[in-house]
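Take a look at the structure below.
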Amino acid sequence: MSVSPIGRETARVDGPLKVTGRAPYAADYHPDGLVYGHLILATVGRGTVREMDVSLAEAAPGVLAVYTPFRSIRIINDFAGRGAENYTVLQDTTVRFRGQIIGLVVADTLERARDAAALVTAEYTSTTPRTSLADSGPGTSPGAEQVLAPGVGSIDEALASAPVTITTTVSQHAQHHVAMEPHATTAVWQDDQLTLYCGSQGPQRHASAIAASLGVEPAKVRVIARYTGGGFGSRVPAWNEAKLCAAAARALGRPLKVVLTREQLFTTVGHRSAVRQTVRLGAESDGRLIALSHESDAEMPAVAGWPLMPAEGTSAVLYRTPNIRIDQRLVTLDTPSTWAMRGPGEAPGAFAVETAFDELATRTGIDPVELRLRNYAVREPLGGRRFSSKYLDQCYRVGAMRFGWDRRPRRPRSRTDGDWLIGMGMATAIYQGGRGSSSARVQFRDDGRVTVASGTSDIGTGAWTMLAVAGADALGLPVAAMVPELGDSALPPGGSAAVGSGATASTVPAVQAACRSAVTALIRAAVENPRSPFHGLDPADVRYRQGRVSSGRRSMGFRDLLRAMGVPDVQAVENTEGIDRDGPYAFQSFGAHFCEVRVHRLTGDIRVSRFTSVFDVGTVINARTARSQLIGGIIWGIGGALLESDPIEPDGRYAAANMADYLVPVNADVPAIDVHWLDHPDPQVSEVGARGLGELGNVGSAAAVGNAVFNATGIRVRDLPITLDKLL
Amino acid sequence: MREFQFARPGSVAEAVREADPGTAFLAGGTTLVDLMKLEVMTPGRVLDINRLPLRAIEATGEGLEIGSLVRMRDVATHTLVRRDYPVVAQALEASASGQLRTMASIGGNLLQRTRCGYFRDVSVPCNKRRPGSGCPAVGGENRMHAVLGTSDSCVATHPSDLAVALVALDATVRLRSRTGERTISLRDLYLLPGDTPHREHDLQPGELITAVVLPRLPWASHSIYVKVRDRQSYEFALASAAVAVRRERDTIVEARVAVGGMGTRPWRLAAVEAALAGRPATEASYEAASARALDGVRPLRHNAFKPELMRRTLVRALLELERTR
Ligand SMILES: Cc1cc2nc3c(=O)[nH]c(=O)nc-3n(C[C@H](O)[C@H](O)[C@H](O)COP(=O)(O)OP(=O)(O)OC[C@H]3O[C@@H](n4cnc5c(N)ncnc54)[C@H](O)[C@@H]3O)c2cc1C
Ligand code: SF4
C-alpha cells in the first residue's frame, strides 16, 4: 500500500545539493576558454552619451573588447515579443534613465574586466529627467471600470449619499526584488548553437526572447536554468545583460560570463513601481458598503515595463458593493524598467483597500473581522461572476480563533506591557488562482526510476519536489523513485513558467496526464513486444498498479519488464490546457492575516511580535514548501510595511541602490509565524484541486501590520514604510 | 578595486616603519576591503597588521587595556568587560552581525568610515571622498545624517556604536608612529568636519592604534547602551545612547552620557550630565535633563525627527538602566 504524498510534508529533493553547494547556478559554469564581462552604467538621468573614452580600458591587461554605443554589437529589438524594455541596448547613444547599460568590457578574468570598466569615461549631454511620482499629477488612464446601481449617476454621487465615508491615500516608493542570486549569464556557442546558463522563471520563454534578440532560430538557443536563486518576477523577461552576453560571446568566439554586481541589479532587472493610491469607501452606519472607489497613479517608465494595476486584483474582487469604480492610471517617468514583483499589483492594492477598511471599522466601531463578513462577496463585485470555490469566511473565523483576536484592544493605544504599546490588526489576502497550460514528459526507466520532466522552473519554490510528488502520486510509487527534470528549454515545449503563482497548479495536471499516458504506453509496449511476458494479451486485460504490470496471475515490476523487453524506457508527453480566464468562474485564492505588534512608547521602535494567517488555496501539494512560500510572503509583507523603500532623487539616482541601504527584514524582525490552511480542494480548477499560493502571503500582510500599528498607537501611517520616526 | 602593494609586517616597529601616507592598515578588512571594492578607498599599499601582537585584554592599574586587533566579539564576551563596562559589551552586541563581529577588530571599528550613501557611491560628488567636489547629502536624502557637529561641507554621521560607549567612559587610545608613542583621549581623536571633512581624525600618516584603554570607573558597571534603528539587527543607529549613572539612594550623583547616530563624531553630552547630577532618579528628571541634548542641533530636511528621537532615546536608556539595578 502506498500513501499518496499529496499534501504531506515532503523535504525538498534538491535540498542536499543546495546546502552542500553542489547545485550549479548560472555563474557556477566554467566552460573551457571562458572570458568575463563587466557592465558600465550611465550616471546621468536623461540625455545622450556624447563620447566615451575607452582607450585606457582597451590598453589594460587582458582586455578583449569594449562595447559601447559607438562600437556596438548588433542586438535586435524584441519588445514586440514581450520584452520588458522598448529600446535596444547599446544601439544608440540615448540615455533614458540613470543606470542604463552603456557599455560592456570583456577580459580574460573577472577582475580585469571590472578594473578596465572603471577606466572608461563617458561625456554626456544631459537634461532633467522626470523622476518624482509625488510631484506628478494624475497619470494616463487606460480606462476606468465601474458598476453603478440602477439610478446612480456616478461613483461620486454614490459616495456622497453614504452616511459614512472614508478617504485613504497611501503611497510607496520603488521596491526591488533583491533575489539572493544576482543575475548572471554564461553563454557558450558551439558552431551556431547557443547554450545559455542563466536564472529564469521560464526557460522556454527566455530562449525565444534571446533567439529573437540575436536574430537566430529559436531552436538554436538552449537555456539552462536548473537552479535559480529567487525570481519574484525579476527573472521573467530576458534582460539586456543576457542579450549582450550572448551576442558578445558570438562576436568574440569565446564562452562569456556576465555577472551583475548587487548595485547594478537595482536598475537593470526591473523593480516594483512607485505608486500612490486613493481608496474611497461609502458605507451605511452598520458598515455595509454603498460604494467603493479605488484610484491609483503608478510609475510607468518611458522605456516601458510592467504596468502596476493595484485595484483589479483587490478592490475589484474583494467586497460586495452596489457601486464600484476603479481607475488605474500610469505616470510616465524616466526611470528604469519596472517589472512584476511578488503580488505585483495585489500587494500594494491590498495595503490601500485593507487600510481603508480598517479606517472604516474604526469609524463605525465595528470589529474589523465582522466588518469584512458583513461585506462578504460571493460574486466578483466588478465582474459579476461567482467564485470557483471560496471559504474566506472560514479563514477569518479560524484565524481569529488561532490568533486570539477576541483579546484585541478595542480602543487604540489602550494596552501596554511595560514601555511597549501592544496592538493587533488584521487584513484579507487575495490572489488570483487557477491554472495555465503546461506540459510534461514521464518516462519509465529500466533502472526502476521514473523521470518526471517539465519545462518549468524552480525559483526556490519547490518545483523540483512538486514534480516528484505529483509523479509519485499518479504512479503509486515512492517520491524517491522519481527523477524530476526542469529548468531546461529543451524539455517538451509548453512548460509553465513560474509566474502568477501558477507553476504548481498548472504543472501537476500535466504530470498526471503524462503519467496516465506513460502507463498506457507501458501497457501497449507490454502486449506488443514479443519478449514481454504479456505479449499478445488484450491491453484491456493488463493493469498497472504501483509500479507493477499485471494480468491475471502474471505480474512484473516495470523495471524488470523493460529489461525483459530490452527497452531502455517507455515515455509519454502530454500538454494540458489552462482554465478559461473568461469562463463562468472567477478563480481566487484567499486568506486572512492577523498580526500583533509592539511599539515602544518613547522611541517608536516597531516589533512584529505575532503573526497568524489562514489560507484557502484549494489543495496543497507539498505542505512543507507551501508553508515556506506562505511564510516567505508574509515576511515580504512585514518588509513592505516597515522597511523596503527606495526613494529616487531628482537626477534619477536611487538613494538606496545597495543592500546596506535597501533594508529587507532580518531574522530579528520576523516573529514565529503561524500558517494554517483549510482543506477544500477546488473542484473547478482541476482534478487535483490546487489553485496556487506563491504570492498570496504577501498580499494584505503589510496592511495587517499597519492596522496593528494603528491599534497600538492610534497613529495611521499611510506613506510606506512605517518607520519609527512617523510614530514619535 | 585598484592595484595595490601588499605586505605583512611581523612587528609594530616594522609596521609603522613601512607605513607611508598612501598606506592603509588591514585589520578585519570589513570596512577597508568593502570600500576598496567600491573604489572609495584606493590605497597604493596595504599592510596586513594581523600578525602584530595586539590581541590581549589586560587589567592594568589604569583600567582595562584592549589590544587594537582584538575582535569585536572577543571584547563583547570578555568577563571583565561584561562585568565592569556593560555599556561596551552591549554597544558591540548591537553592532553589525555575528560574522562581522568575529572578523572585525576594535581598532578598525574606531576608524570605520561613514555610511553616508553618497560617500560610498563614486558616481556622485562628496567632499569627504573628493575634497571640494560638493556635498549632495545637504540637500539630498539625509534621513540618516547628523544633526550635531555638522558643517555646510559635510553632515555625515560617525557610524561606530563602540565609539559612543567609549567616549562616554573617557577611553583613551594608544598610538604608535615612526616618531614614537603617545596616548590621547578618544574624544580628541575625532575631528569635526568643518570645511575639511576628508580629515576625520588626528592620526599622523602611518600612525597605528595599538590599544584602547577603558579607564577605571567603578560605577561604569551600572551602564547601558540603547540603540534605536529601523531594523532590529544588522543596521546602524538612528539614535543610540550610552549612559552610566552613579547613584546614591534615589539621587543621581554623577552621570556619563553620549549619543550616536546624531553627530559627525560620537557625541558626549556634558549639559545633560550636568543637568542629571543631583537630581532624583525619576522619569521627570530624565525628561528635563534630556531636553538639554537639543542644544545646538541643526536638523536637515529628512531628519527633523532626530533631536526628539535623541531626547527620547536618552530617557529610555536612563529608565532601562534604572531597571537593571
Ligand atoms: C554590513 C555591516 C554592518 C555594520 N554594522 C555596524 C554597526 O551596526 N555598528 C558598528 O559600530 N559598526 C558596524 N559595522 C562596521 C564594522 O564594525 C566595522 O567595519 C569594523 O569594526 C571595522 O573593523 P575591521 O577590523 O574590519 O577594520 P578594517 O576594515 O580592517 O579597517 C578599517 C579602517 O581602519 C584602519 N585601521 C584598522 N586597524 C587599525 C589600527 N590598529 N590602527 C590604525 N588604523 C587602523 C584601516 O586602515 C581602515 O582604514 C558594520 C559593517 C558592515 C559591513
Ligand atoms: S555628508 Fe559628508 S560624506 Fe556624505 S556626501 Fe556630504 S561630504 Fe560626503
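Below, chain A is the first sequence line, B the second, and so on; all start at residue 1.
With a 4.5 Å cut-off on non-hydrogen atoms, Tyr118(B) touches chain A through its backbone and its side chain both. Contacts of Leu41(A) with chain B are absent, with no heavy-atom separation under 4.5 Å from either backbone or side chain. For a residue to count as touching a neighbouring chain, one of its non-hydrogen atoms must lie under 4.5 Å from one of that chain's; by this rule Thr603(A) touches chain B with backbone and side chain alike. For Glu111(A), no part sits under 4.5 Å from any heavy atom of chain B, backbone or side chain.
Under a cut-off of 6.0 angstrom, the local environment of CZ in Arg301(B) is sparse, with at most 12 non-hydrogen atoms contributed by other residues, nucleotides or ligands. Sparse packing is recorded around CE of Met103(B), with 12 or fewer heavy atoms of other residues, nucleotides or ligands lying under 6.0 Å away. When the shell of 6.0 Å around CG of Asp152(B) is examined, it contains 12 or fewer heavy atoms from other residues, nucleotides or ligands.
Between Leu728(A) atom CG and Arg311(B) atom CZ the span is 10.0 Å, to the nearest 0.5 Å. Atom CG of Asp605(A) is separated from atom CZ of Arg231(B) by 14.5 Å, given to the nearest 0.5 angstrom. To the nearest 0.5 Å, the span separating CD on Glu235(B) from CG on Leu663(A) amounts to 4.5 Å.
Salt bridge absent: Asp661(A) and Arg115(B) never bring a charged side-chain N and a carboxylate O closer than 4.0 Å. A salt bridge links Glu283(B) and Arg601(A); the closest N-O separation between the charged side-chain nitrogens and carboxylate oxygens is under 4.0 Å.
Side-chain N or O atoms of Arg312(B) include one that pairs as donor or acceptor with a backbone N or O of Leu602(A) at under 3.5 Å.
Scored by the salt bridge (charged side-chain N to carboxylate O under 4.0 Å, His left out) test, Arg413(A) finds no partners at all (sequence neighbours excluded).
Between chain A and the options Ala239(B), Ser123(B), Pro136(B), heavy-atom pairs under 4.5 Å are most frequent for Ser123(B). Contact count versus chain B (heavy atoms, under 4.5 Å) is highest, among Asn667(A), Asn658(A), Asp419(A), Thr43(A), for Asp419(A). Put simply, of Glu39(B), Lys306(B), Arg323(B), the one with the most heavy-atom pairs under 4.5 Å next to chain A is Arg323(B). Each of Asp121(B), Asn303(B), Val226(B) has some count of heavy-atom pairs under 4.5 Å with chain A, and the biggest count is that of Asp121(B). Taking Arg2(B), Arg120(B), Arg316(B), Glu141(B) one by one and counting their heavy-atom pairs under 4.5 Å with chain A, the maximum is reached by Arg316(B).
Against chain B, the residues from residues 640-654 of chain A that qualify, each with a non-hydrogen atom under 4.5 angstrom away, are Leu643(A), Pro647(A), Glu649(A), Arg653(A) in number order.
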| request: Start with the C-alpha gap between Arg143(B) and Thr723(A), add the side-chain angles, then the distance that decides, and say whether side-chain contact (heavy atoms from CB on, under 4.5 Å) holds. | output: CA-CA 11 Å; Arg143(B) 180 170 175 270; Thr723(A) 45; 3.4 Å; yes
| task | Just do the side-chain contact (heavy atoms from CB on, under 4.5 Å) check on Leu238(B) and Leu724(A) with the steps written out, would you? | result | CA-CA 10 Å; Leu238(B) 282 169; Leu724(A) 60 92; 3.9 Å; yes
